[in-house]
Trainee: 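Take this structure, written in C-alpha cells, and hold onto it; I'll ask about it next.
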Amino acid sequence: YGAEALQVATTTKLVRALWIAPLTLAIVYFNNRNASGSKASFPRFILFFLVLSIVATLLRQVSGWDVQLDSVYQLGKRGLVAAIFLIGTGFKTDSIRKMGWRVGISASLLWVFSIGFAWVQVKWF
C-alpha cells in the first residue's frame with residue numbers, strides 16, 4: 001500500500017488496456033480464418049473505447065475539463081455496473097421489448113417501492 005504500489009498498478013492497467021485492441025483483432029482474424037460459415041465481426045466497443053480514451057486524454061489537458069470528465073467517469077462506472085448486472089441476469093434488449101411497456105413500468109415501480117421499503121427498514125428500524 002503506497003505510492004509505488006499505485007504506480008505499478010496504474011502501469012499494469014494501462015498496459016492491459018492497450019493490449020485490448022491488438023488482441024481483439026488477432027482473435028477476430030484467427031476465428032474468421034478457422035471458421036466455416038459464420039464469421040466473427042470486430043466488436044465496435046473496442047473502437048469506441050480507443051476513441052474515447054484519446055478524447056479524454058486530450059480534454060484532460062484543457063483547463064476546467066477535469067470536473068466534467070470525473071462526472072462522466074462516475075456515470076460510466078454506474079453504467080458498467082448496470083451492464084454487468086444485465087449480462088449476469090441474461091437480459092437482452094429483445095426480451096425487454098417483448099415484455100411491453102406496461103410490464104416494464106410495473107417492474108420498475110415494484111423495484112422502486114422495494115428499494116424504498118428496504119431503505120426505510122434499514123434507516124429507521
Side-chain angles (χ1 to χ4, degrees):
Y1 302 110
E4 185 178 349
L6 177 63
Q7 187 176 14
V8 170
T10 302
T11 304
T12 303
K13 186 172 181 171
L14 288 173
V15 168
R16 185 183 67 192
L18 288 173
W19 269 101
I20 288 175
L23 185 61
T24 303
L25 287 172
I27 290 171
V28 168
Y29 172 76
F30 285 114
N31 278 345
N32 284 344
R33 195 177 72 171
N34 296 333
S36 59
S38 67
K39 291 192 172 195
S41 62
F42 182 76
R44 290 183 301 239
F45 77 90
I46 299 292
L47 179 64
F48 294 140
F49 172 80
L50 291 173
V51 169
L52 288 176
S53 295
I54 292 168
V55 168
T57 300
L58 294 174
L59 286 178
R60 285 222 184 259
Q61 296 174 0
V62 176
S63 178
W65 274 90
D66 284 344
V67 174
Q68 287 85 357
L69 289 176
D70 288 338
S71 300
V72 171
Y73 173 74
Q74 292 301 324
L75 183 64
K77 275 178 48 177
R78 290 191 174 127
L80 182 60
V81 168
I84 291 172
F85 170 76
L86 291 174
I87 289 169
T89 58
F91 278 169
K92 296 189 177 11
T93 53
D94 291 341
S95 63
I96 293 172
R97 279 191 210 125
K98 286 179 186 176
M99 284 190 314
W101 64 273
R102 289 184 180 143
V103 174
I105 289 175
S106 298
S108 298
L109 289 174
L110 179 61
W111 179 76
V112 167
F113 287 130
S114 298
I115 295 294
F117 181 74
W119 181 78
V120 167
Q121 292 294 319
V122 169
K123 188 74 171 170
W124 288 322
F125 297 107

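Just so it is clear, the model here is predicted, and its values are computed rather than measured.
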Trainee: Would you say that more than 12 heavy atoms from the other residues, nucleotides or ligands in this model lie under 6.0 Å from the CD of Glu4, or not?
Mentor: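 Atom CD in Glu4 is not packed in, count stays at 12 or less.
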
Trainee: Please identify each residue that fulfils ring-ring contact (aromatic ring centres under 6.0 Å, His included) with Trp111, with sequence neighbours left out.
Mentor: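 For Trp111 there are no ring-ring contact (aromatic ring centres under 6.0 Å, His included) partners, ignoring immediate neighbours.
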
Trainee: For Val120, check side-chain contact (heavy atoms from CB on, under 4.5 Å) against everything at least two apart and list the hits.
Mentor: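 Val120 satisfies side-chain contact (heavy atoms from CB on, under 4.5 Å) with Trp124, Phe125 only.
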
Trainee: Side-chain atoms of residues 5-16: list all donor-acceptor pairs with protein atoms under 3.5 Å, sequence neighbours left out, distances to 0.1 Å.
Mentor:
| from | atom 1 | to | atom 2 | distance (Å) |
| --- | --- | --- | --- | --- |
| Thr10 | OG1 | Leu6 | O | 2.8 |
| Thr11 | OG1 | Gln7 | O | 2.9 |
| Thr12 | OG1 | Val8 | O | 2.8 |

Trainee: Is it the case that one hydrophobic cluster holds both Phe85 and Met99, taking links as side-chain heavy atoms less than 4.5 Å apart, direct or via other members?
Mentor: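 Linked within one cluster.
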
Trainee: Side-chain heavy atoms under 4.5 Å apart, restricted to Ile/Leu/Val/Met/Phe/Trp/Tyr: what other residues fall into the cluster of Val122, or is it alone?
Mentor: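 Besides Val122, the cluster holds no residue at all.
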
Trainee: Other than Leu110, which residues form its hydrophobic cluster under the rule that side-chain heavy atoms must be closer than 4.5 Å?
Mentor: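 So far as hydrophobic clustering goes, Leu110 is joined with none.
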
Trainee: Applying salt bridge (charged side-chain N to carboxylate O under 4.0 Å, His left out) as the test, list every pair that has at least one member in residues 95-120; sequence neighbours left out.
Mentor: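 For residues 95-120, and leaving out neighbouring residues, the salt bridge (charged side-chain N to carboxylate O under 4.0 Å, His left out) pairs sorted by first residue read Asp94-Arg97.
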
